[in-house]
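What follows is one structure encoded as structure tokens, with my remarks underneath.
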Amino acid sequence: MNFNEKVWQVCRKIPKGKVSTYKEIAKRLKTKAYRAVGNALNKNPYSPIVPCHRVVKSDGTVGGFAKGTRTKIRMLEKEGVRVRKNRIMGFKNLMFKF
DNA sequence: GCTTTGACTCTCG
DNA sequence: TCGAGAGCCAAAG
């Protein structure tokens with residue numbers, strides 16, 4: 001199993017309505033490849049299966065998304081996550097830690 | 001193999 | 001609050 005697959009595996013565990021950060025994922029993989037994590041999600045081939053849109057930046061902002069940040073935000077709100085100006089509302093409570 | 005490029009994070013001013 | 005700079009890791013060229 002390569003690095004990318006590990007990242008996707010972890011992402012899959014994020015419960016609906018919650019969000020996690022690139023950092024948390026990296027930590028879960030026992031590495032500091034925050035950027036590589038984002039890179040892996042960017043190439044995520046399991047778009048609907050793996051909820052990569054639930055992964056945001058550590059400061060609570062949405063971050064990027066292959067199909068555009070707007071789309072990412074819409075998906076999150078559809079799951080009950082409030083977002084305003086690229087920022088997760090109540091991020092501290094919604095953040096899912098492993 | 002070395003260099004470049006990111007859906008990143010931290011620290012400082 | 002905000003931007004710049006440095007540090008970080010994997011993948012692609």
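Side-chain atoms are counted along with the backbone in the values below, which use heavy atoms only and exclude waters and symmetry mates. Throughout, a chain's letter reflects where its sequence line sits, starting with A, and its residues are numbered from 1. This is a predicted model, so every value here is computed, not measured.
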- Query: Does any N or O in the side chain of A/K72 come within less than 3.5 Å of the main-chain N or O of A/K67, such that one atom is a donor and the other an acceptor?
  - Reply: no
- Spacing between A/D59 atom CG and B/dC12 atom P, to the nearest angstrom: 17 Å
- Query: Between A/E79 and A/R54, does at least one N-O distance fall below 4.0 Å, as a salt bridge requires?
  - Reply: yes
- Query: To the nearest angstrom, how far is A/E24 atom CD from B/dC8 atom P?
  - Reply: 16 Å
- Message: What is the distance, to the nearest angstrom, from the CG atom on A/N42 to the P atom on C/dA10?
- Response: 17 Å
- Task: Mind checking A/F3 for me? I need base, sugar-phosphate or nothing, with any heavy atom below 4.0 Å counting as a touch.
- Result: sugar-phosphate
- Query: Counting only heavy atoms not in A/K32, do more than 12 sit closer than 6.0 Å to its NZ atom?
  - Reply: no
- Query: Tell me: CG of A/L29 to C1' of C/dA10, nearest whole Å?
  - Reply: 12 Å
- Side-chain N or O of A/K23 less than 4.0 angstrom from OP1 or OP2 on B/dC10? yes
- Distance-only, no hydrogens or angles: does the A/S20 side chain make a donor-acceptor pair with backbone N or O of A/F96 under 3.5 Å? yes
- Item | Interatomic distance, A/M75 CE vs B/dA7 P [rounded to whole Å] | 17 Å
- Nucleotide of B/dA7, B/dG6, B/dT9 approaching A/K72 most closely (side-chain heavy atoms): B/dA7
- Message: Can you measure A/Y22 atom OH to C/dC9 atom P for me and round it to whole angstrom units?
- Response: 19 Å
- Task: Mind calculating the distance between CG (A/N4) and C1' (B/dA7) to the nearest angstrom?
- Result: 13 Å
- Message: Looking at A/E77 and A/R74, is any side-chain nitrogen of the basic one under 4.0 Å from a carboxylate oxygen of the acidic one?
- Response: no
- Rounded to whole angstrom, note down the P distance from B/dA7 over to C/dG7. 22 Å
- Query: Quick one: which of B/dT9, B/dA7, C/dC9 gets closest to the side chain of A/T21?
  - Reply: B/dT9
- Message: Can you measure A/K43 atom NZ to B/dC8 atom P for me and round it to whole angstrom units?
- Response: 14 Å
- Spacing of the C1' atoms in C/dG13 and B/dG1 (rounded, Å): 12 Å
- Under 4.0 Å: is that the gap between some side-chain N or O of A/S58 and OP1 or OP2 of B/dT9? yes
- Message: Categorize A/A33 for me: base, sugar-phosphate, or nothing, with a 4.0 angstrom heavy-atom threshold over every strand shown.
- Response: sugar-phosphate
- Result for 5'-nearest mapping on DNA chain C, choosing between A/Y34 and A/N39, is A/Y34
